[in-house]
Amino acid sequence: MDAETVTDFIYSHVPELILLVGGLIALLIVYTYIKDEMSMKYKVSMAFGVLFGILMIVLCVSSYAGWDMFPAVVIAITGFTLVIRPFREVHFAAIGALLVMVLVYVFLGGTAGTALEFVASGWPRIIAALVIGAVAYMIMNFVESIIKIFGKLLNWWPFLLVLALICIVEALLMLLGYGSLYDFVTGGQ
């Protein structure tokens with residue numbers, strides 16, 4: 001088998017290969033989590049899952065138009081699940097709000113000599129940055145809560161195990177020429 005044949009195979013079976021590798025990584029995460037969730041193997045498998053999850057999402061967003069709907073949805077869900085797993089307990093809303101406050105504070109400092117000059121310095125500048133940061137926090141906290149709800153469900157290890165198995169079965173069915181798992185279950189309708 002020459003390099004051109006291998007390259008052609010990879011390019012013509014991207015969704016299947018992504019599903020297979022993503023499913024295997026999810027299985028590895030489940031296995032290492034059940035075995036010892038504090039182990040370095042679990043942490044490394046999660047880190048590898050984040051990297052591959054990002055790749056899954058990027059490829060899905062950029063290439064989904066040429067793919068069947070079911071595999072594209074499974075790839076997107078699996079990618080999101082792999083990416084969100086290690087960040088379930090990080091409070092991005094607070095980090096984002098602090099960033100917004102700093103940016104607003106800096107921006108308002110540059111408004112001297114304009115109609116917004118009254119907020120260019122002193123207490124008005126600090127209060128405006130805090131208020132805008134608080135609004136940003138409320139919005140980001142709401143979005144973060146919604147993401148965490150889905151993240152907790154998708155990262156519950158039994159669900160992750162089922163998702164991994166769906167990825168692997170979907171990939172194998174597609175590679176063997178049987179179409180999608182959706183087509184297999186619905187009888188091709």
Side-chain angles (χ1 to χ4, degrees), residues 6-7 9-96 140-189:
V6 172
T7 304
F9 177 80
I10 290 171
Y11 283 129
S12 62
H13 296 289
V14 170
E16 297 95 313
L17 295 173
I18 291 172
L19 283 165
L20 185 61
V21 173
L24 292 173
I25 291 171
L27 272 180
L28 177 65
I29 290 171
V30 169
Y31 173 75
T32 56
Y33 175 80
I34 291 171
K35 192 170 179 186
D36 182 10
E37 67 181 277
M38 296 299 170
S39 72
M40 187 55 109
K41 290 179 184 176
Y42 173 65
K43 292 174 182 171
V44 168
S45 64
M46 274 198 320
F48 193 61
V50 168
L51 294 174
F52 196 76
I54 291 169
L55 178 68
M56 291 175 82
I57 292 168
V58 167
L59 288 174
C60 187
V61 167
S62 65
S63 306
Y64 76 93
W67 299 350
D68 290 334
M69 180 60 75
F70 185 75
V73 169
V74 172
I75 289 169
I77 291 171
T78 305
F80 173 76
T81 303
L82 293 174
V83 169
I84 197 76
R85 186 165 189 87
F87 303 110
R88 293 172 296 179
E89 302 305 322
V90 177
H91 298 288
F92 287 106
I95 296 168
M140 286 187 259
N141 193 35
F142 175 70
V143 171
E144 181 181 296
S145 296
I146 291 171
I147 290 172
K148 281 187 178 184
I149 289 170
F150 287 110
K152 286 193 184 284
L153 170 68
L154 295 174
N155 281 294
W156 181 46
W157 77 261
F159 186 86
L160 185 59
L161 177 64
V162 170
L163 187 60
L165 295 174
I166 288 172
C167 285
I168 293 169
V169 169
E170 177 74 10
L172 292 175
L173 284 173
M174 291 172 69
L175 283 169
L176 295 173
Y178 292 110
S180 175
L181 181 62
Y182 178 80
D183 296 334
F184 192 75
V185 170
T186 62
Q189 299 176 11

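Using a 4.5 Å cut-off on side-chain heavy atoms (C-beta onward), Leu55 and Phe52 make contact. When side chains are defined from C-beta on, His91 counts as touching Lys148, because their heavy atoms get closer than 4.5 Å. In this structure, Leu59 and Trp67 have side chains that are in contact, with non-hydrogen atoms separated by less than 4.5 Å. Residues Ile25 and Ile29 are in side-chain contact: their nearest non-hydrogen atoms beyond the backbone lie under 4.5 Å apart.
Note that CE of Met46 is 11.5 Å distant from CG of Leu28, once rounded to the nearest 0.5 Å. In this structure, the separation between CE on Met56 and CD1 on Ile77 is 10.5 Å, given to the nearest 0.5 Å. A distance of 7.0 Å separates OH of Tyr31 from NZ of Lys41, quoted to the nearest 0.5 Å. To the nearest 0.5 Å, the span separating OG1 on Thr32 from CE on Met40 amounts to 12.5 Å. The distance from the CD1 atom of Ile18 to the NE2 atom of His13 is 13.0 Å, given to the nearest 0.5 Å.
Considering all non-hydrogen atoms of both residues, Ile147 and Ile84 come closest at CG2-CD1, 3.5 Å. Considering all non-hydrogen atoms of both residues, Gly49 and Leu82 come closest at O-CB, 3.2 Å.
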Extract all donor-acceptor atom pairs below 3.5 Å that involve side chains of residues 156-179 and protein atoms in other chains or at least two apart in sequence.
| unit_1 | atom_1 | unit_2 | atom_2 | d |
| --- | --- | --- | --- | --- |
| Glu170 | OE1 | Ser180 | OG | 3.3 |
| Glu170 | OE1 | Leu181 | N | 2.6 |
| Glu170 | OE2 | Ser180 | OG | 2.8 |

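Using modelled atom types, no side-chain atom of Asp68 and backbone atom of Phe70 make a donor-acceptor pair closer than 3.5 Å.
Take Tyr42 and apply the side chain to side chain donor-acceptor pair (under 3.5 Å) test, not counting sequence neighbours, and it matches Arg85.
Within 6.0 Å of the CZ atom in Phe142, the count of heavy atoms belonging to other residues, nucleotides or ligands does not exceed 12.
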